[in-house]
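Hydrogens, waters and symmetry mates play no part in the numbers below; they use all other heavy atoms, side chains included. Just so you know, these numbers come straight off a predicted model, no measurement behind them. Every chain is numbered from 1 and lettered A, B, ... according to where its sequence line falls, protein lines coming before strand lines.
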There are 2 protein chains.
Amino acid sequence: MDSAVAREQALDAAETLFYGRGIQSVGMDDIRGTSGVSLKRLYQLFPAKEHLVVAYLERRDIRWRQRLAEYVDGDVHADGAGHAGGHEDPRRRVLAVFDWLGRWFREPGFRGCAWINSYGELGATSEPVAGQVRAHKRAFKEYLAGLVGDAGLPAELSEQLYLLAEGAMVTAAVEQSAEPAARAGRAARILVDSYGATAGD
Amino acid sequence: MDSAVAREQALDAAETLFYGRGIQSVGMDDIRGTSGVSLKRLYQLFPAKEHLVVAYLERRDIRWRQRLAEYVDGDVHADGAGHAGGHEDPRRRVLAVFDWLGRWFREPGFRGCAWINSYGELGATSEPVAGQVRAHKRAFKEYLAGLVGDAGLPAELSEQLYLLAEGAMVTAAVEQSAEPAARAGRAARILVDSYGATAGD
DNA sequence: TCGGGCTGAGAACGTGCGTTCTCCGCGGTG
DNA sequence: CACCGCGGAGAACGCACGTTCTCAGCCCGA
């Protein structure tokens, strides 16, 4: 009954390989080799490669948003001076998103946003994958909107910050640099201050 | 001696098909069918599919930047009230980039940024393609930097506007909407005004 | 101990596709 | 008119890969 275990192992392999090399260049046999899960079992768990791709994106979405939220909530900290309670100032919480992007970009093996990459690769040919990408982006955007709303700032700002974040992800991938996160953060601060001056909380 | 013609026809087909359906899902035979150029000739002109992909990105890069520059220079106008001379105020020229993005997003068949899509698809497996993407993005960024510099505004602003533009492209693709261009333009205006107030020309 | 169903290993199958080869007609030179 | 080389059409080749099948081993109940 370790089919739950096999599933996780398959998804671990899928995540490593799909994210690292792209989806189309990874064969089901590679998944089997990396995961140790036999082809037969793989096809029991995921009736087609596309299902595995969708499941990979789904699981990554949950974890990605969780890690972001944990950082914003201040549960995780390692930036020099440790401050105890985490981010409580609602505007600081908004800007913390960009700090977290910088951490993400610096992780070894960072190769851009898995959803943007998948969309470029399969958005035109696989509706389920395109749907998964849209769902993830919508969720991220709504999370941002929540943070911005909590700070008493308008929805328009949250949309603009979203664009900055997306631009930073793409650029960090193409330039293979974490710098775009900091630049986006500085731009975000200007926008927040600008909106905050007219409609502060 | 119409091998120049054959080359253009091949590139026309490549652009239509690669951009519309993604690169990997288009076969050389599709290129042949659409272009009317025989396989033999195709392989004379482009010794491998990868060469065709690179040539497609190269030609599109030139045209894309040309169309952008033409719009910014004010040679092309159709937005309600026609004004004669084009964009001469250097700050207006900067913001015109975002107007142009909106026009681009609204073109029939728009499917996002060809380079970002290609990067997601082949960035991990094809160094020539990845290089082409980096070259295009660098050129766009430098163009923006020129506009910003001409307006007497700092380089940091240009980097931030670049991130907004990239975010708008990705988001317009995923959401299949032209709205991100306008949003990015409004954010850009705030940033320009912000930098312009402290270091205006 | 016997038998049946599940599992893993891996062969096999079918297809798609990048690339090359074959064949045939045609246009220009002695 | 004979010859030669080039171009087009498309068959052929080789390989990769998604998916399925075969077969042998093993765990379980009677």
Side-chain angles (χ1 to χ4, degrees), chain A residues 1-57 117-118 121-130 132, chain B residues 1-57 118 120-130 132:
Chain A
M1 209 51 51
D2 50 7
S3 82
V5 175
R7 194 186 155 86
E8 287 305 297
Q9 284 174 329
L11 288 173
D12 289 345
E15 182 148 12
T16 305
L17 296 175
F18 288 159
Y19 181 70
R21 315 208 310 242
I23 293 167
Q24 315 224 49
S25 78
V26 171
M28 290 300 277
D29 217 59
D30 297 325
I31 301 283
R32 161 182 139 175
T34 302
S35 67
V37 176
S38 75
L39 273 178
K40 190 169 181 182
R41 207 113 136 107
L42 277 179
Y43 275 91
Q44 283 174 337
L45 295 164
F46 308 97
K49 187 183 183 182
E50 192 176 56
H51 291 239
L52 179 58
V53 174
V54 168
Y56 141 65
L57 291 175
N117 291 346
S118 302
E121 208 173 335
L122 298 172
T125 52
S126 165
E127 192 41 51
V129 169
Q132 217 27 248
Chain B
M1 208 51 54
D2 50 6
S3 82
V5 176
R7 194 188 155 86
E8 287 306 297
Q9 284 173 330
L11 288 173
D12 289 346
E15 182 148 12
T16 305
L17 297 175
F18 288 158
Y19 181 68
R21 318 207 311 241
I23 293 167
Q24 315 224 46
S25 78
V26 172
M28 290 300 276
D29 216 60
D30 297 326
I31 301 284
R32 162 184 140 176
T34 301
S35 68
V37 177
S38 75
L39 273 177
K40 192 172 181 178
R41 209 111 135 101
L42 277 178
Y43 275 92
Q44 283 174 338
L45 296 164
F46 309 96
K49 187 182 183 183
E50 191 175 58
H51 291 239
L52 179 58
V53 174
V54 168
Y56 141 65
L57 291 175
S118 302
E121 208 172 335
L122 298 173
T125 52
S126 165
E127 192 41 51
V129 170
Q132 221 19 253

Nucleotide [N], atom [atom2] - distance to [atom1] of [X] in whole Å:
| X | N | atom1 | atom2 | result |
| --- | --- | --- | --- | --- |
| L52(B) | dC17(C) | CG | C1' | 15 Å |
| Q24(B) | dA16(D) | CD | C1' | 13 Å |
| M28(A) | dA9(C) | CE | P | 15 Å |
| R41(B) | dT19(C) | CZ | C1' | 18 Å |
| I31(B) | dT19(C) | CD1 | C1' | 15 Å |
| L17(B) | dC17(C) | CG | P | 12 Å |
| Q9(B) | dG8(D) | CD | P | 10 Å |
| L42(A) | dG18(D) | CG | P | 11 Å |

Checking contacts here: which listed nucleotide (dT19(D), dG8(C), dG18(C)) is nearest the side-chain heavy atoms of A48(A)?
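Shortest atom-to-atom distance from the side chain points to dT19(D).
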Counting only side-chain heavy atoms from C-beta out, which of dG18(D), dG8(C), dG7(D) sits nearest to Y43(A)?
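Selected nucleotide (nearest to the side chain): dG18(D).
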Is a donor-acceptor contact shorter than 3.5 angstrom present between the side chain of R32(B) and the base of dG10(D)?
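Under the 3.5 Å cut-off, the side chain and the base do form a donor-acceptor pair.
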Name the nucleic acid region contacted by K49(A), choosing base, sugar-phosphate or nothing; use a 4.0 angstrom heavy-atom cut-off, strictly under.
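Since only primed, P, OP1 and OP2 atoms lie under 4.0 Å of K49(A), the category is sugar-phosphate.
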Using a cut-off of 4.0 Å on non-hydrogen atoms, how would the nucleic acid contact of V37(B) be classed: base, sugar-phosphate, or nothing?
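Answer is nothing: V37(B) stays at 4.0 Å or more from every strand.
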Any [X] side-chain heavy atom under 4.5 Å of [Y] side chain:
| X | Y | value |
| --- | --- | --- |
| Q132(B) | Y56(B) | no |
| V54(B) | H51(B) | no |
| L122(B) | Q24(B) | yes |
| S118(B) | V53(B) | no |

Name the residue closer to the 5' end of DNA chain D, choosing between D29(A) and K40(A) according to the nucleotide with the nearest heavy atom.
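Checking each residue's closest nucleotide, the 5'-ward one belongs to D29(A).
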Quick check on DNA chain C: between L39(A) and Q44(A), whose nearest nucleotide comes earlier from the 5' end?
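Closer to the 5' end of DNA chain C: Q44(A).
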Rounded to the nearest 0.5 Å, what's the gap from CG on L11(A) to CG on L52(A)? Could you check?
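CG of L52(A) is found 6.0 Å from CG of L11(A).
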